[in-house]
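Presented below is the structure to which this report refers.
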Amino acid sequence: MTVATRIWAVHLAVLALLLAGGFLLPAYHQTNVAKVMVLATYAMGYNIAFGYTGLLSLGHALFFGAGLYGAGMLVQHAGVGAGPAALAGIVAGGLAAAVVGLLALRTQGVAFMIVTLMFAQAGYLTILYNTAWTRGDEGIVIAREARVLMGFDLSADLPRYFVGLGLFAAGLVLKLWLVRSPTGRVMVALRENEERSRMLGYDPYARKLAALVISGLYAGAAGAAYGLLFGYVGASLASTQYSILPLLWVLLGGAGTVLGPLVGALLMFYLIDYSSAFTTASLLVVGAALVLLVLFAPKGILGTLRDRWLKWLP
Amino acid sequence: MSFGPFLLLALMEGMVTSAVLALAAVGLSLVFGIMRVVNVAHGEFFMLGAVSAWFVSQWVPGPPAVAFVAALILCPLFVAAIAALADMVVLKRLNYQPEATIVATIGLLYILQQAALSFYGPDARPVPAPFNFRVQLPWFGYSGYKIAVVAASALVLLGVWRLLAKSRVGLIMRATQYDRETARAFGINVDRVYAGVFALGGGLAALAAVLIVPIQQAHYLMGTDPLLLSFIVVIIGGLGSLRGTVIAALLIGLSDGVISTFFAPTLAKIVATLLVALVLVFRPQGLFGRRAL
């Protein structure tokens, strides 16, 4: 088996497992996994910027929020259908990333982290400020009748799961193709040594901007899907915490691995879900996981696996 | 009330914000200047100061003034101890690598927030002010305690400046900032300096919080705003510059007071966050100082 077939086999097997899950999982876990797949799509986008291109952003909630509100407010206030609204959400995520990127990519390292954090905070505050449209903290609940895509009721368990799976599968295949393409190699080169890539004739600014916009498109798609599938569009989903969470999932699963975001999001989601049975301290779980990861396993689960045994894992 | 006195009131409120902000921001600036660590958990040190002040006010009997003085001494020490512990257990082991420390301090932020939520609860609770008298101006009465806050933080800032510029401890801190390898070669225990600076930064944030808590109630989520505002102040003032930080705190505090009084507080925050992002993009050395990040 060549390396390429092995790689595709592994990733398609994961998608097949998730497909089987749609028929086999009980309703409770079906909802959970649907949510995890949407959030993992968001994390995959984050991983393109952070894991592959080395752009540690603390402001991705702005792109997620742009998708969420871009789609949600069109459905709520303009009566647009779910399909066009989702497209608008994706575009909104990409646009937000382009605007932030144009400015923030003039800085590097810690300054980049703070600039993205500040832009996202300004976005979050803008949502709170325009209460008349966004209903602020309380958020918008999208009516069941508006959440219909090509005749399927997105509030029902099964269609919701498969739309989530479809989004995740599209994201995964695109990402796998991207990171194995020459463009993806340049992204990794920028992460490893920006000066050398510049010397080889690549424009770091343009390449990083492209990576950030792709990342924003993913975040926008995930945000739009989250609003339409789960029917809630609220300011808390655009808060700083939603910039930190994808970082956490990616770190846990393995930065710079294609499947890492799914592994991280799935583990973290169920870790909080199970721990909530005997403690309400979910923030502690998140905080402790971040500290322990950065201390003892900075490469995450799949990153460590790749270092030890699976050298071919993309 | 006509416009003039109204503006005066806004400016006085702004002065109180500035004073507290300057303390918190100087703590953040010291940590970044000397250790090169961006401490995202700085706001939680502030919150811990306020929350522990509430506990002290419950435990210490007698008039509120006694409890307040006890809180003023104990709370910064308590928070400084936690900060020193965090430095030794986590940050030191990460070798102060910038991105790893940011992720670790984000983790610390959540841990401290959860600890406050579990032990203190979700309610906002007041701490009584040590004294109550009103300064009667021709147009309105003003809380004497607020004026005392401004004076107290000015004194503390003066103390910090003396510590840094005139004392032996300050000399060692500046030597470590300038070149940590050479400092080590000259027999300075750099690990202890780092733990001390991190503790000092946390302690200053806690002190600011104890001063503000009679005006603004203690709550487990109260750390977010001081964190963002301190970042803003430190970036606009230029990192490592004490003078720049104080000037920027005045600028931000006063404009926050004025904008919040005449417009919406949220709008003031939007303007301030966007301003800081743009300052970092176009003038990374800050408006007054040396290159920040």
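Lettering follows sequence order; numbering is per chain, from 1.
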Checking B/L108 against chain A: side chain, backbone, both or neither under 4.5 Å from a heavy atom?
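It is the backbone, since no side chain atom gets that close.
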Proximal component of B/L109, with respect to chain A [non-hydrogen, under 4.5 Å]
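Nothing of B/L109, per the 4.5 Å heavy-atom cut-off to chain A.
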B/R192 atom CZ, over 12 foreign heavy atoms within 6.0 Å
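12 or below, so no.
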Neighbour count >12 (heavy atoms, 6.0 Å) for atom CZ, B/R125:
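Correct, the count exceeds 12.
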Please report the C-alpha distance between A/M118 and B/I232 in whole Å, then the side-chain angles of each, then the deciding distance to 0.1 Å, and finally whether the side-chain contact (heavy atoms from CB on, under 4.5 Å) criterion is met.
CA-CA 9 Å; A/M118 292 296 169; B/I232 292 168; 4.2 Å; yes
Quick one: of A/L292, A/I244, A/L128, who has the most non-hydrogen atom pairs under 4.5 Å with chain B?
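Top count of heavy-atom pairs under 4.5 Å with chain B: A/I244.
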Examine whether an atom of [X] lies under 4.5 Å from a heavy atom of chain B, and if so say whether it belongs to the side chain, the backbone or both; otherwise answer neither.
| X | value |
| --- | --- |
| A/L295 | both |
| A/L251 | side chain |
| A/T107 | side chain |
| A/F296 | side chain |
| A/L56 | side chain |

Of the non-hydrogen atoms in [X] and [Y], which two are nearest, and what is the gap between them?
| X | Y | result |
| --- | --- | --- |
| A/V294 | B/A104 | CG1-CB, 3.8 Å |
| A/L58 | B/I102 | CD1-CG2, 4.2 Å |
| A/A122 | B/T273 | CB-OG1, 3.6 Å |

Rounded to the nearest 0.5 Å, how far does CG of B/L267 lie from OH of A/Y129?
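The CG atom of B/L267 is 4.0 Å from OH of A/Y129, to the nearest 0.5 Å.
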Between A/V291 and B/T105, does a side-chain contact (heavy atoms from CB on, under 4.5 Å) hold up when you go through it step by step?
CA-CA 8 Å; A/V291 173; B/T105 51; over 6 Å; no
Would you mind reporting whether B/Y110 and A/L284 have side-chain heavy atoms less than 4.5 Å apart?
no
Under 4.5 Å between any side-chain heavy atoms of B/F282 and A/R106, yes or no?
yes
Looking at chain A, which one of B/L278, B/L274, B/I106, B/V271 has the largest number of heavy-atom pairs inside 4.5 Å, strictly under?
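The answer is B/I106.
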